[in-house]
Structures are given as structure tokens and as C-alpha cells.
Engineer: 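Structure incoming, see below.
Computed from a predicted model, the values in this text were never measured in an experiment.
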Amino acid sequence: MAPASLQIHYKQNRLKQLRAFCHAARTGSVSAAAEKIFLSQPTVSLQIQALEREFDTILFERRGPKIKLTPEGELLFQLAEPLVEGMDKLHETFATQCGRVDQGVLNIAAGESTILYVLPDPVQRFSDQFPGIDLKLHNVTGRDGLAMLRADTVDLAVGSMLEVPDDITYRPFVTFRPTLITPLDHPLANKGDVTLEEIAPYGLILPPRHLSTWRIVDLVFKQHNLSYRVTLEAGGWEVIKKYVELGLGISIVTDVCLTGDEPLGRVALDRYFPKRSYGIVLRRGKFLSPQAKSFLKVLDACFPERDPIPPQPTVGDVDWDDTQLG
């Protein structure tokens with residue numbers, strides 16, 4: 001039997017090996033894993049090779065600079081990931097169990113609309129309750145936000161999703177209504193009910209056509225065999241509201257961006273367009289930090305009544321911010 005000192009040394013090495021393996025699995029790159037854990041690329045490669053020798057298997061398929069988990073690698077990753085994350089966050093978890101979630105860092109990815117219209121109240125409450133936690137909001141596109149989640153650069157994301165990838169979980173916590181906005185003197189302003197036939201003759205102001213709002217508008221009008229015209233493309237709900245107010249067109253927005261103080265006519269369009277949900281976006285299997293768990297509790301307190309989420313149209317991929325999606 002090996003001396004106790006050798007067994008302890010071996011276990012310490014195993015944790016380093018598993019940490020290097022997990023980071024390589026998440027990033028798909030040995031060099032990226034090495035950079036993240038502040039080791040050299042040859043050191044990370046040697047640690048992965050040591051695991052492969054120990055388990056007598058191949059953990060990665062190597063395709064040039066990119067690597068991909070083998071089925072055996074996937075199994076080890078599922079087993080090792082929560083262990084590594086648990087060890088890395090042991091201090092914060094222990095502090096939480098002792099009732100001390102009063103320090104640390106919380107990184108959240110979100111798009112501009114989410115940051116402007118959904119998060120102000122939760123962020124204010126969280127900052128008031130946990131002044132010692134350094135809260136960082138990353139204003140990113142949907143695709144960049146998912147990349148940050150997968151690389152564990154952020155703890156969680158908040159936004160709207162039309163399709164959820166297999167490695168991502170999405171928990172909606174609030175919904176907003178599709179709404180027609182018009183200048184106050186427009187013929188459709190504040191009508192009790194407006195049909196698509198009435199909207200079609202007027203020029204629309206929409207976000208750029210590669211974003212989901214344009215695709216949804218296009219889909220709905222085509223389903224009703226109606227043509228429409230776009231008089232102006234504009235990025236950002238605040239920009240769109242301003243140009244509608246100036247009389248350059250009308251628009252179809254999600255009422256998340258409407259405060260009620262705008263000099264605009266508003267008509268709900270629930271009968272034609274789906275409601276838009278906003279929710280928590282996480283990497284599947286993510287070990288949440290105490291700070292992240294505390295933020296989720298604050299969100300639940302801010303949005304206690306969740307509307308049921310109707311089926312969403314399959315017209316795009318990630319979209320937690322219509323104004324930001326690339």
C-alpha cells in the first residue's frame with residue numbers, strides 16, 4: 001500500500017487533472033483551457049493524457065486545434081464537472097451555508113433591452129440586499145451570451161429565447177404583450193381592436209431583418225396572405241419609439257419597452273402575435289454560485305406571478321434581446 005503522503009499527493013494531482021479536463025471539454029480547446037486556468041498548454045495536455053492512462057481510454061477526438069469529447073469523455077465530464085465546480089466554489093458555498101452571502105462576484109449576461117427594461121428593479125433590490133457582492137452586467141448579443149455561458153465566463157444570463165439548445169436550460173419568469181405603437185394623431189391610435197388588414201397599408205418601422213421581430217412579423221403577415229412594407233429599419237426600441245413619435249411610421253414591439261409615459265398610441269396585438277417571455281438562461285448542469293442563487297431569489301420576489309408561456313413560433317434561434325441579436 002502506498003504511503004499516506006503519496007496518496008494525498010495523487011489526489012491533489014487528480015483534482016488538477018480533472019480541472020484541466022473539464023475546462024478543455026467546455027472550451028473545446030487545450031490552449032483556451034490552459035489560458036483560463038493559468039497553465040501552459042503542454043501542462044494541460046499532460047494532465048489530460050494522465051487521465052487517459054489512468055482510465056485506459058481516449059477522452060477527446062483531436063481535430064487540429066479543436067477537440068471533441070468521445071463518448072467515454074462525455075461520461076467522465078458528466079461525473080467530474082460537478083465535483084470540480086463544487087471544489088472551486090467550496091469557500092463561497094460554505095459561506096452561504098453559514099448565512100454569509102455578503103461578498104464575491106456575480107456575472108450576468110443580457111441584451112440591451114433586458115438590461116434597460118427587465119433588470120433595473122431586480123438589480124436595485126439585489127444591490128441593496130447584498131452591497132458586498134460585485135455585480136457585473138455584460139451587454140452582449142444572444143450568441144455571444146451563450147458562448148459566455150458555455151465557457152463559464154458568466155454565472156447566468158437573462159433574456160428571451162425562441163429556441164433552446166440541448167445544452168441550455170431556460171426558465172421564463174415574466175411575459176410581455178405584442179403591441180402596435182403609432183403617433184398619437186394616427187388613424188389607428190388607441191383603437192380598441194386593430195386587424196392586420198388595417199395595419200398593412202401603413203409603413204412599418206422594424207429592427208433589422210436578421211432579427212426575430214422582423215421574422216415574426218413576416219411570418220404572421222404571410223400566414224394571413226397579406227403584404228406589408230417597411231419604411232425604416234432601426235436598431236433599438238428607444239430609437240424605434242422616437243421615430244414612430246416623429247410620424248415616420250408605425251411599429252410592432254413587445255410592451256416590455258413601453259413605460260406608459262411615451263406620447264404614443266398603443267393597441268395590443270395578442271390575437272396575431274405571440275407573447276414574449278423573459279427568463280433565466282443557464283448552461284445545463286451548471287453548479288450555481290451562492291451569489292447566483294441569491295439573485296434568482298430576488299428575481300422570484302420581483303416577478304411572483306408568472307404568466308403561462310404559449311408555444312413560440314419556430315422562426316429563429318437565440319434572441320434574448322431583439323435589438324442586440326447578431
Side-chain angles (χ1 to χ4, degrees), residues 10-89 107-111 138 140-159 161-171 210 212 279-289 292 314 316-320 324-326:
Y10 174 75
K11 291 178 180 178
Q12 290 174 339
N13 282 339
R14 173 180 281 180
L15 177 59
K16 294 177 182 178
Q17 293 163 0
L18 290 175
R19 183 179 289 113
F21 164 72
C22 287
H23 281 287
R26 290 172 191 152
T27 60
S29 165
V30 171
S31 59
E35 182 177 346
K36 190 166 182 64
I37 57 179
F38 306 105
L39 294 175
S40 67
Q41 182 174 337
T43 299
V44 172
S45 296
L46 288 173
Q47 289 175 335
I48 294 172
Q49 291 169 13
L51 281 176
E52 290 179 326
R53 287 195 301 271
E54 179 183 353
F55 290 100
D56 192 25
T57 190
I58 301 299
L59 299 175
F60 290 103
E61 296 177 12
R62 291 163 176 83
R63 301 175 181 176
K66 288 293 182 181
I67 56 176
K68 180 182 178 182
L69 286 169
T70 63
E72 292 80 7
E74 287 277 5
L75 176 59
L76 181 60
F77 182 61
Q78 291 175 15
L79 295 172
E81 185 184 37
L83 300 176
V84 171
E85 288 207 37
M87 288 299 296
D88 288 345
K89 298 181 184 297
N107 286 276
I108 299 175
H138 301 262
V140 294
T141 67
R143 291 186 179 91
D144 288 346
L146 284 187
M148 295 176 78
L149 280 175
R150 287 167 173 144
D152 282 332
T153 308
V154 295
D155 297 279
L156 57 93
V158 181
M161 298 194 74
L162 298 179
E163 293 182 354
V164 183
D166 291 340
D167 62 334
I168 297 296
T169 64
Y170 177 58
R171 193 199 78 179
H210 64 279
S212 66
I280 300 297
V281 187
L282 296 169
R283 175 174 58 78
R284 188 175 295 279
K286 171 70 175 177
F287 187 93
L288 287 179
S289 69
T314 305
D317 29 29
V318 183
D319 174 31
W320 62 53
Q324 288 283 302
L325 180 63

Engineer: Is it the case that more than 12 heavy atoms not belonging to Glu72 sit under 6.0 Å from its CD atom?
Structural biologist: yes
Engineer: How far does CG of Leu282 sit from CG of Asp155, to the nearest 0.5 angstrom?
Structural biologist: 9.5 Å
Engineer: Nearest 0.5 Å, please: how far is CZ in Phe60 from CG in Leu69?
Structural biologist: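 Answer rounded to 0.5 Å: 5.0 Å.
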Engineer: Under the salt bridge (charged side-chain N to carboxylate O under 4.0 Å, His left out) rule, collect the residues that match up with Arg150, sequence neighbours excluded.
Structural biologist: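 If we apply the salt bridge (charged side-chain N to carboxylate O under 4.0 Å, His left out) test to Arg150, skipping adjacent residues, the hits are Asp167.
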Engineer: Out of curiosity, Ile67 CD1 to Ser45 OG, how far, rounded to the nearest 0.5 Å?
Structural biologist: 8.0 Å
Engineer: Does Lys68 offer a backbone N or O that forms a donor-acceptor pair with the side chain of Glu61 under 3.5 Å?
Structural biologist: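 Not confirmed, Glu61 side chain does not pair with Lys68 backbone.
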Engineer: Atom CD of Glu52 and atom OG1 of Thr57: how far apart are they, to the nearest 0.5 Å?
Structural biologist: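 The OG1 atom of Thr57 is 7.5 Å from CD of Glu52, to the nearest 0.5 Å.
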Engineer: Ignoring hydrogens, what is the shortest heavy-atom contact between Ser31 and Gln41? Give both atom names and the distance.
Structural biologist: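 So the two residues come closest at CB-OE1, 3.4 Å.
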Engineer: Could you measure the distance from the CG atom of Asn13 to the CD atom of Glu54? Nearest 0.5 Å is fine.
Structural biologist: 10.5 Å
Engineer: For residues 18-27, which side-chain donor-acceptor pairs fall under 3.5 Å, sequence neighbours excluded?
Structural biologist:
| from | atom 1 | to | atom 2 | distance (Å) |
| --- | --- | --- | --- | --- |
| Arg19 | NE | Asp88 | OD1 | 3.1 |
| Arg19 | NH2 | Asp88 | OD1 | 2.7 |
| Arg26 | NE | Asp152 | OD2 | 3.2 |
| Arg26 | NH1 | Asp152 | OD2 | 3.2 |
| Arg26 | NH2 | Glu85 | OE2 | 3.2 |
| Thr27 | OG1 | His23 | O | 2.8 |
| Thr27 | OG1 | Ser29 | N | 3.4 |
| Thr27 | OG1 | Ser29 | O | 3.0 |

Engineer: Enter the distance from Lys286:NZ to Thr169:OG1 here, rounded to the nearest 0.5 Å.
Structural biologist: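 Going from the NZ atom of Lys286 to the OG1 atom of Thr169 covers 11.5 Å.
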Engineer: If we only count heavy atoms from C-beta on, is the Ile108 to Val154 side-chain gap below 4.5 Å?
Structural biologist: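 With C-beta onward as the side chain, the pair stays apart.
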